[in-house]
Trainee: 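I have a structure here, written as C-alpha cells, and I will follow up with some questions on it.
Throughout, a chain's letter reflects where its sequence line sits, starting with A, and its residues are numbered from 1. Below, all heavy atoms of this structure are taken into account, side chains as well, without hydrogens, waters or symmetry copies.
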Protein chains: 2
Amino acid sequence: MNKIGVSIRDVARETGLSTATISRVVNGGSKVSDETRQRVLEACARLDYLPNPAARALSTRRSKAVAAIIPTIEHSVFAKFIAAVERTLGERGYSLIMAIAKADEAEELAAARKLLGMGADALILSGLDHSDLLLEMLERRAVPYVFTSAWDDRSARPTIGYDNALLAERAMQHLADRGHRRVAVVHGPLAESDRTRSRRAGAASVGDRFEHLAFFEAPLDVAGGKACVGAALEDPRDFTAYLCSTDVLALGAYFACAEAGKRIPQDISVMGFDNLDWSRDIVPPLTTIDLPAVGMGEMVAQRIVAYLEDGAPLQNELLTAGIIERGSVADLT
Amino acid sequence: MNKIGVSIRDVARETGLSTATISRVVNGGSKVSDETRQRVLEACARLDYLPNPAARALSTRRSKAVAAIIPTIEHSVFAKFIAAVERTLGERGYSLIMAIAKADEAEELAAARKLLGMGADALILSGLDHSDLLLEMLERRAVPYVFTSAWDDRSARPTIGYDNALLAERAMQHLADRGHRRVAVVHGPLAESDRTRSRRAGAASVGDRFEHLAFFEAPLDVAGGKACVGAALEDPRDFTAYLCSTDVLALGAYFACAEAGKRIPQDISVMGFDNLDWSRDIVPPLTTIDLPAVGMGEMVAQRIVAYLEDGAPLQNELLTAGIIERGSVADLT
DNA sequence: TGTTGAAGTGTAACCGGTTACACCGCACCT
DNA sequence: AGGTGCGGTGTAACCGGTTACACTTCAACA
C-alpha cells in the first residue's frame with residue numbers, strides 16, 4: 001500500500017532512533033522528550049511517512065474502520081444519515097466502509113461477512129429484523145453493532161432510532177384531529193422493511209377513529225407513489241387524506257393529484273414522513289414528520305467510537321421526532 | 001479483529017496440514033489435491049475461519065479496498081453513481097471506503113490522506129480540478145486514481161465521464177431550435193465545481209443564437225432553484241425558458257412557477273440535467289439530459305479493478321448522454 | 001556514598017497471513 | 001539402475017507496525 005516504501009524503520013534510520021520511539025511519537029504516545037519528538041516529526045514530514053494501516057491493524061487488532069449496511073443511499077434520508085455517520089466518524093479518526101444490501105437477509109449476511117472480512121471494527125445495521133445467522137456470527141466474534149432507524153423497548157440489542165409505530169400513530173391522530181375520517185395510508189413493500197411494518201401497525205392502531213382506513217402498498221419511489229395514489233383517487237371510499245410513509249411517496253401523491261386535477265389541500269390532503277429538503281419548498285408545503293436522520297447518524301457514530309475507545313456500553317437510545325405542520329393538510333372541522 | 005481468534009494456524013492444526021496449504025486453498029490457489037482441499041474447506045467452515053484482512057494486506061500489500069471522495073451523496077446522481085461503484089466493486093471482491101468532501105481542496109487533500117492511511121488501493125475523485133499537492137502525492141506513492149463526472153480530451157490523467165460543456169451546449173441548441181430566444185441558465189456555485197463551470201461555458205458558447213442569455217448562480221438545492229427562478233420570473237428580460245444545470249434546481253423551478261401561477265410549458269419552459277427518477281413522473285414530465293451515472297459508476301469500478309488485478313492501464317473514457325424530450329419545453333416555432 | 005525512582009530509549013517478540021524455496025515420492029524415460 | 005520432472009506439501013522468512021520489558025542516566029534523598 002505504501003508504494004513509496006517509507007516505513008517506520010526508514011524514519012528510525014533517518015533519525016538515529018529506534019522504531020519504538022518513532023511509534024511512540026507518531027501515536028502521540030507518552031515518554032518522549034520534546035527534542036526527540038521534534039526531530040521525529042520533522043523526519044516524518046520530510047520523508048512523507050504514512051504508517052502502514054495493515055501493519056498497525058495487525059498488531060493492534062483494530063482497523064479504525066466502521067462498517068454500515070444500508071438498504072439504499074438513493075433516498076435522501078439514508079443519504080443524510082450515512083453522510084452524518086461518515087462525517088462524525090471522520091472527525092474522530094475513523095473511516096466508513098459501506099455496503100448496500102436490499103432487505104434480503106441472505107444478501108445482508110453476505111455483506112456483513114465481506115465487511116468483517118475487510119476488518120471492520122463495528123457494524124451499523126438498518127432496522128431490527130436480521131437473520132439469526134448474522135446476529136449469532138456477530139455475537140460469536142464479539143463484533144460491536146447497533147441497529148438504527150427503529151426502536152423497540154423490548155429489544156435487548158443496542159438500538160438507536162425512533163419509534164416508527166408511535167410516529168405513524170401521531171400522524172394519524174393529526175389527521176383525525178383535523179376531521180379526516182376517510183384516510184388511505186400509502187407505504188412501501190412490507191416484506192422489505194420492519195420499519196414499514198411498524199409504521200403501518202402504528203397507523204392501524206388508531207383505526208377506530210376512522211370511518212374508512214385503507215392501506216396501499218407501493219414501490220418505494222416517486223413513480224410508485226404516483227401510480228398508487230392515482231389509482232386510489234378513483235376509489236369509491238373517497239379518501240380525504242393520504243398518509244404517505246415516506247416523503248418520496250408523498251411527492252408521487254402530489255404528481256398524481258396534479259394529473260387528476262385535484263388541488264392540495266382543498267380537494268385532497270397529503271401528509272409525508274421524513275422531512276426531506278424539498279418538502280418545505282413544494283407547493284403547497286408538505287406537512288410531514290421530521291425524522292432526525294442527521295442527529296441519528298451523529299449519535300450512532302459517536303456511540304460506536306465511544307465504545308471502541310473507552311468501552312462505553314452501547315445502549316438503546318430513543319430519538320424524538322415531531323410533526324411539522326405546513327400547508328398540505330386541510331382542516332375539515 | 002477476528003475476535004474469536006481462529007487463525008490460519010488453528011485450521012492447520014485441525015487438519016494436520018501446514019499454513020501454506022491452508023492459504024493455498026483459501027485463495028483458490030493451485031497445486032492442492034482435491035481431497036486436501038475438501039478437508040481444509042470443511043475445517044474452515046467448522047471453525048468459521050475468516051482470514052485476518054490486516055495480515056493478508058500486510059503481506060500482499062493489497063487491501064482490496066477502493067476509496068472514493070465525493071462532494072455529496074445527498075443528490076441522487078451521486079448516490080446512484082456511488083451505489084453502482086459499490087455494487088460493482090463488491091461483485092469483484094472489493095470494498096468501498098467513502099469520504100465526503102466539499103469542493104474545498106484542503107478538505108479533499110485531508111480526506112485523501114485519511115483514505116490512503118486506511119489502506120485504499122486506489123482513489124476515485126470527482127471532477128478535474130484538484131490540488132497539486134494531492135496529485136503529486138498520488139504520483140509519488142503510485143496510487144492509481146481516476147477522475148469522474150467530467151471529461152477533457154487534453155487531460156493526461158485518467159478520466160471517466162461525460163463532456164459537460166458539450167451537453168450543456170446541446171441543451172441550449174435544443175432550446176434555440178424550439179424558438180427560445182430569451183433564456184436563463186440556473187446553475188450551482190461556480191467556485192465549487194469545475195463541472196458547473198464547464199456546463200456554464202458550454203451554454204455560453206452558443207450565446208449568439210439568443211437575444212438574451214442570462215446566468216444565475218444559486219445554492220445547489222431545491223430551495224436555491226426555487227428562489228432563483230422565483231426572482232428571475234420578475235426579470236424584465238422575460239425569459240421564455242430556464243435551463244437548470246441540475247434536475248434538483250429544475251424541481252425548484254417548477255415550484256417557483258407554481259407559486260407564481262405560471263404554467264409549464266405554456267408560459268415557461270424548463271429543462272433539467274441529470275434525469276433523476278422523478279423527472280418522468282413530475283407534471284409536466286421534465287425534459288432533461290440523461291446522465292449515465294450508473295454506467296459511469298460501473299465503468300469506473302470495473303476499470304479500477306482491471307488495473308489492480310491485471311494492470312490494464314487506466315484510460316480516458318468518454319460516456320455519452322442524450323437529451324430526453326418530455327413535456328416541459330414548449331415549441332415556439 | 002549508596003539507594004531509589006522516574007524519564008527516556010532500545011531490543012525483540014509478536015500480530016496472522018503469503019510465498020519462495022526446499023523437499024519428497026512416484027511415474028516415466030533411457 | 002539412474003536420471004528427470006512434476007504434483008503435492010512443508011519450512012521459514014517476511015510484511016511493518018506495537019509494546020512488554022530491559023536498560024541507562026541522572027536527580028533526589030537517606
Side-chain angles (χ1 to χ4, degrees), chain A residues 1-41 43-44 47-65 93 116-119 121 141 309, chain B residues 1-41 43-44 47-65 93 116-119 121 141 309:
Chain A
M1 16 210 75
N2 214 339
K3 303 285 174 38
I4 55 174
V6 175
S7 82
I8 198 170
R9 307 193 208 255
D10 296 317
V11 183
R13 194 172 321 113
E14 176 89 1
T15 53
L17 294 160
S18 72
T19 62
T21 301
I22 310 301
S23 176
R24 284 190 273 257
V25 170
V26 169
N27 296 303
S30 49
K31 296 185 157 211
V32 194
S33 72
D34 281 347
E35 190 235 318
T36 303
R37 181 184 311 278
Q38 280 313 315
R39 207 145 51 93
V40 171
L41 290 177
C44 286
L47 301 175
D48 194 18
Y49 167 65
L50 210 54
N52 181 315
R56 176 177 275 170
L58 182 56
S59 63
T60 60
R61 293 133 171 289
R62 282 276 160 103
S63 69
K64 292 210 144 204
L116 261 26
M118 294 297 307
D121 288 339
R141 295 183 192 275
E309 307 266 283
Chain B
M1 16 210 72
N2 215 338
K3 303 285 174 37
I4 55 172
V6 175
S7 83
I8 198 171
R9 310 199 205 249
D10 296 317
V11 183
R13 195 171 320 116
E14 176 89 2
T15 53
L17 294 160
S18 71
T19 62
T21 301
I22 310 302
S23 176
R24 285 190 271 257
V25 171
V26 170
N27 297 303
S30 49
K31 298 186 155 207
V32 194
S33 73
D34 280 347
E35 190 235 320
T36 303
R37 182 185 309 280
Q38 279 315 314
R39 207 145 48 94
V40 170
L41 290 177
C44 285
L47 301 175
D48 194 17
Y49 167 64
L50 208 56
N52 181 316
R56 175 177 276 169
L58 181 58
S59 62
T60 60
R61 292 134 171 287
R62 282 275 163 102
S63 69
K64 293 212 144 201
L116 261 28
M118 293 297 308
D121 288 339
R141 295 182 191 276
E309 308 266 283

Trainee: Taking only residues two or more places apart in sequence or in another chain, which ones pass side chain to side chain donor-acceptor pair (under 3.5 Å) with Gln38(A)?
Mentor: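 Residues passing side chain to side chain donor-acceptor pair (under 3.5 Å) with Gln38(A): none at all.
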
Trainee: Which whole-number value in Å describes the distance from Arg61(A) CZ to dG17(D) C1'?
Mentor: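 Rounded to whole Å, this separation is 14 Å.
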
Trainee: Nucleotides 18-26 of chain D: which of its N/O atoms have a protein N/O under 3.5 Å away?
Mentor:
from, atom 1, to, atom 2, distance (Å)
dT18(D), OP1, Asn27(A), OD1, 3.3
dT18(D), OP1, Asn27(A), ND2, 3.0
dT18(D), OP1, Arg56(A), NE, 2.9
dT18(D), OP1, Arg56(A), NH2, 3.4
dT18(D), OP2, Ser23(A), OG, 2.4
dT18(D), OP2, Asn27(A), ND2, 3.2
dT18(D), O4', Ser59(A), OG, 2.8

Trainee: In the structure I gave you, are the side-chain heavy atoms of Ser23(A) and Ile8(A) within less than 4.5 Å of one another anywhere?
Mentor: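 Yes, their side chains come closer than 4.5 Å.
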
Trainee: So, is Arg37(A) near the phosphate of dG8(C), with a side-chain N or O under 4.0 Å from OP1 or OP2?
Mentor: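 No, outside the criterion.
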
Trainee: Tell me every residue that passes side chain to side chain donor-acceptor pair (under 3.5 Å) with Thr60(B), counting only those two or more places apart in sequence or in another chain.
Mentor: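 Here no residue qualifies.
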
Trainee: Are Arg141(B) and Asp48(A) close enough that some pair of their side-chain heavy atoms sits under 4.5 Å apart?
Mentor: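 Contact flag for Arg141(B)/Asp48(A) side chains = yes.
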
Trainee: Does anything in residues 10-18 of chain B reach DNA chain C, meaning a heavy atom under 4.0 Å, and if so which residues?
Mentor: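 Close to the strand, none.
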
Trainee: In this structure, how many angstroms lie between the C1' atom of dG17(C) and the CG atom of Asn52(A), rounded?
Mentor: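 Atom-to-atom, Asn52(A) to dG17(C), this comes out as 13 Å.
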
Trainee: Does any part of the side chain of Asn52(A), heavy atoms only, come nearer than 4.5 Å to the side chain of Ser7(A), both counted from C-beta?
Mentor: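 They are not in contact (no side-chain heavy atoms under 4.5 Å apart), so the answer is no.
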
Trainee: Whole angstroms only, please: what is the CG-P distance between Leu50(B) and dG17(C)?
Mentor: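 That distance rounds to 9 Å.
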
Trainee: By side chain to side chain contact (heavy atoms under 4.5 Å, CB included), which residues pair with Ala12(A), not counting sequence neighbours?
Mentor: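 Residues passing side chain to side chain contact (heavy atoms under 4.5 Å, CB included) with Ala12(A): Thr19(A), Ile22(A).
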
Trainee: Nearest whole angstrom, please: distance from the C1' of dC14(C) to the CG of Leu58(B).
Mentor: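 Whole-Å distance recorded here is 12 Å.
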
Trainee: For Ala43(A), enumerate each residue passing the side chain to side chain contact (heavy atoms under 4.5 Å, CB included) test, keeping only those at least two apart in sequence or located in another chain.
Mentor: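 Only Val11(A), Glu14(A), Thr15(A), Arg46(A) meet the side chain to side chain contact (heavy atoms under 4.5 Å, CB included) criterion with Ala43(A).
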
Trainee: Please report the distance, rounded to the nearest Å, between CZ in Arg39(A) and C1' in dG8(C).
Mentor: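 Rounded to the whole Å, the gap is 12 Å.
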
Trainee: Is any side-chain heavy atom of Arg56(A) closer than 4.5 Å to one of Asn27(A)?
Mentor: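 Yes, at least one pair of side-chain atoms sits under 4.5 Å.
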
Trainee: Over its full length, what angle do the end axes of the helix from dT1(C)-dA30(D) to dT30(C)-dA1(D) make, each axis taken from five pairs and the result rounded to 10 degrees?
Mentor: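 The helix from dT1(C)-dA30(D) to dT30(C)-dA1(D) shows an end-to-end axis angle of 60°.
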
Trainee: Does some side-chain heavy atom of Val40(B) sit less than 4.5 Å from a side-chain heavy atom of Arg24(B)?
Mentor: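 Side chain of Arg24(B) against side chain of Val40(B), heavy atoms only: no contact under 4.5 Å found.
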
Trainee: Tell me every residue that passes salt bridge (Lys or Arg N to Asp or Glu O under 4.0 Å) with Arg13(B), counting only those two or more places apart in sequence or in another chain.
Mentor: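 With neighbours one apart ignored, the set is Asp10(B).
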
Trainee: Looking at residues at least two apart in the chain, or sitting in another chain, which of them share a side chain to side chain donor-acceptor pair (under 3.5 Å) with Ser59(B)?
Mentor: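 Testing Ser59(B) for side chain to side chain donor-acceptor pair (under 3.5 Å), a comparison that skips the adjacent residues, returns none.
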
